[in-house]
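The structure under discussion appears below in the form of structure tokens.
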Amino acid sequence: MAKNTSRTSLIGLKSFFTSRWGPIVTGAIIGILAPLLVFWGNPGNMGICVACFTRDIAGALGMHRAGVVQYIRPEIIGIVLGALAAGLLFKEFKAKGGSAPLVRFILGFFAMVGALVFLGCPWRAYLRLAGGDLNALFGILGLIIGIGIGVVFLRRGFSLGRARPASAAVGWIMPIAMIALLVLLLVAPLFGRDADGNPVGPIFFSESGPGSQYAFWVIALVVGLVIGFLAQRSRFCTVGGIRDVMLMRDRHLLNGIIALVVFAFITNLILGQFHLGIADQPVAHTDQWWNVLGMVLAGFAFTLSGGCPGRHLVMSGEGNADSGMFVIGMLVGAGFAHQFSMASSGAGAGAFGPMAVGIGLAVCLAIGLTMKQKAS
Amino acid sequence: MSDTTNMADDRLTIDCSGLSCPEPAFTAKKVLTSTDAKTVEILVDSATSQNNVLRAGEKAGWTGEAEERDDGGFRVVFRR
């Protein structure tokens, strides 16, 4: 009897989150929690940013040496593990992979390069807007254009091919890697210091700049777990929201984006974190061409890959190794973006940012033009 | 684009297993707005695709129902 009751409530929960309310509730909760994370210590308008936080993790692992953006962000770990928990609880955890993994890696790489030219993933683009940062409008414009280009290729029959069911181990790699990251955050191993007294790694933590601003790790982890759980249930996706309107006149996921912006705006107002303007916005630049073009590249790469970076984190937690490859591509891309001066800073585009966007667009075009589903 | 594996007795079967978003739902939409078949069956491998395909089909004016297959995937059947 007790078993039947819990089964019934599970089914009720299941149908609620796949109803039209699922993405709306998820977007609203992200919209409330992200500004709260800023209030609790995260950088401005960066309660959650999948691109920035993956970049901070790359820095903490020594994959780049931009000293101001190095920290192992528990939010990222939480999102993957929250999705894992939801996947296991609702029996949707399913190990699979093998749909053009190396192409997905490259798409993740250039999506990250584009996002770091703008300075934010789609989630942060909307959160920046909800904090009053009008530069975000240019990023969102670029995102819409990039998704539109991707939609043209989807209409032409673009496909990365089929994923196949895989052994459970394939699906557990990303969640276990996240647990390893959590251990590295808490243990913070240090092999020694150089002659000037600076830590030599292997894990680096910023002493100034955005990487030094963070909420207490337990809070950040719990917020990540909640968001990962909800996003797994509702399939919340900030790229799919725009793509589905263009491709199928379907507003299901778009409602989630709108809820995120509205609730983040209200929460920022309540917390006194809403500052309307263009100049002097936190972790942002006013180089509008590159705000647009960076996100054109990111939106294009996200659309070819099947979702926004938050969605890929979630899918990597429910056993999808192809999304895992995309996430690892983003991690490596973040390392390169800073080592090769492709990432922007508050001063504007990096020295090689524009060239990197050009190369990334050419690579995405080549992928879009050449990959179609083969009859099997 | 996914394969048409069977068309007999006005029944069209399309296998979208393993395809990324939005391919299963977009395929469903394209097929359901153009086919003459009385029954269209779409195979997918995840609950997400199952929900998306059902939503796309219902938007196109079909009535659909989904059932789980032995391999853990789903069969979504649409009837006029």
Side-chain angles (χ1 to χ4, degrees), chain A residues 14-15 17-20 22 87 90-94 96-100 104 150-151 154-165 232-235 237 239-240 243-244 246-253 303-307 311-312 314-315 318-320 322-323 326 372-376, chain B residues 1-7 12-35 40-78:
Chain A
K14 207 169 172 168
S15 59
F17 276 104
T18 53
S19 77
R20 64 189 300 256
F90 289 88
K91 301 200 170 20
E92 289 182 1
F93 178 89
K94 214 176 274 183
K96 63 175 176 178
S99 164
R104 292 178 185 272
V151 164
L154 287 169
R155 285 190 196 281
R156 294 177 74 247
F158 170 81
S159 176
L160 292 177
R162 289 175 198 277
R164 307 272 172 196
Q232 195 283 334
R233 296 312 311 142
S234 66
R235 295 60 160 119
C237 180
V239 165
R243 175 202 65 206
D244 288 354
M246 292 181 180
L247 193 63
M248 297 189 285
R249 306 281 169 254
D250 180 1
R251 292 169 47 96
H252 181 76
L253 291 170
T303 306
L304 295 184
S305 76
R311 178 77 189 137
H312 281 298
V314 165
M315 292 197 292
E318 56 181 58
N320 188 329
D322 294 323
S323 283
F326 185 89
K372 287 193 178 182
Q373 170 75 6
K374 290 195 187 100
S376 56
Chain B
M1 187 61 195
S2 33
D3 341 325
T4 304
T5 50
N6 173 30
M7 180 150 184
L12 180 64
T13 303
I14 297 178
D15 185 3
C16 292
S17 305
L19 296 176
S20 305
C21 277
E23 293 172 57
F26 186 48
T27 303
K29 185 198 164 182
K30 279 193 294 191
V31 169
L32 292 170
T33 49
S34 64
T35 186
V40 176
E41 186 176 76
I42 295 178
L43 309 179
V44 295
D45 70 339
S46 71
T48 303
S49 293
Q50 172 213 287
N51 295 335
N52 292 343
V53 164
L54 270 174
R55 202 168 61 245
E58 278 159 15
K59 253 181 124 69
W62 291 65
T63 315
E65 58 187 55
E67 60 188 42
E68 197 160 350
R69 290 182 288 154
D70 293 341
D71 61 0
F74 298 87
R75 177 193 314 274
V76 187
V77 182
F78 291 101

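To find a chain, count down the sequence lines: A is the first, B the second, and so on, and within it residues start at 1.
For a residue to count as touching a neighbouring chain, one of its non-hydrogen atoms must lie under 4.5 Å from one of that chain's; by this rule B:Asp45 touches chain A with backbone and side chain alike. With a 4.5 Å cut-off on non-hydrogen atoms, A:Arg104 touches chain B through its side chain but not through its backbone. B:Ala60 does not touch chain A: none of its heavy atoms, backbone or side chain, sits under 4.5 Å away. For chain B, the nearby parts of A:Leu154 are the backbone and the side chain; heavy atoms of each come within less than 4.5 Å. Residue A:Arg155 touches chain B through both its backbone and its side chain, counting heavy-atom pairs closer than 4.5 Å. Using a 4.5 Å cut-off between heavy atoms, A:Asn320 makes no contact with chain B at all.
Formation of a donor-acceptor pair under 3.5 Å by the A:Asp322 side chain with backbone atoms of A:Ser99 is found in this model. A distance-only check finds no donor-acceptor pair linking the side chain of A:Arg243 to the backbone of A:Thr303 [under 3.5 Å].
A:Arg235 has a carboxylate O that lies under 4.0 Å from a charged side-chain N of A:Glu92, or vice versa, which qualifies the two as a salt bridge. A salt bridge does not link B:Lys29 with A:Asp250: every distance from a Lys NZ or Arg NE/NH1/NH2 to an Asp or Glu carboxylate oxygen is 4.0 Å or more.
Partner of B:Leu12 under the side chain to side chain contact (heavy atoms under 4.5 Å, CB included) criterion, out of B:Leu32, B:Thr35, B:Ile42: B:Thr35 alone.
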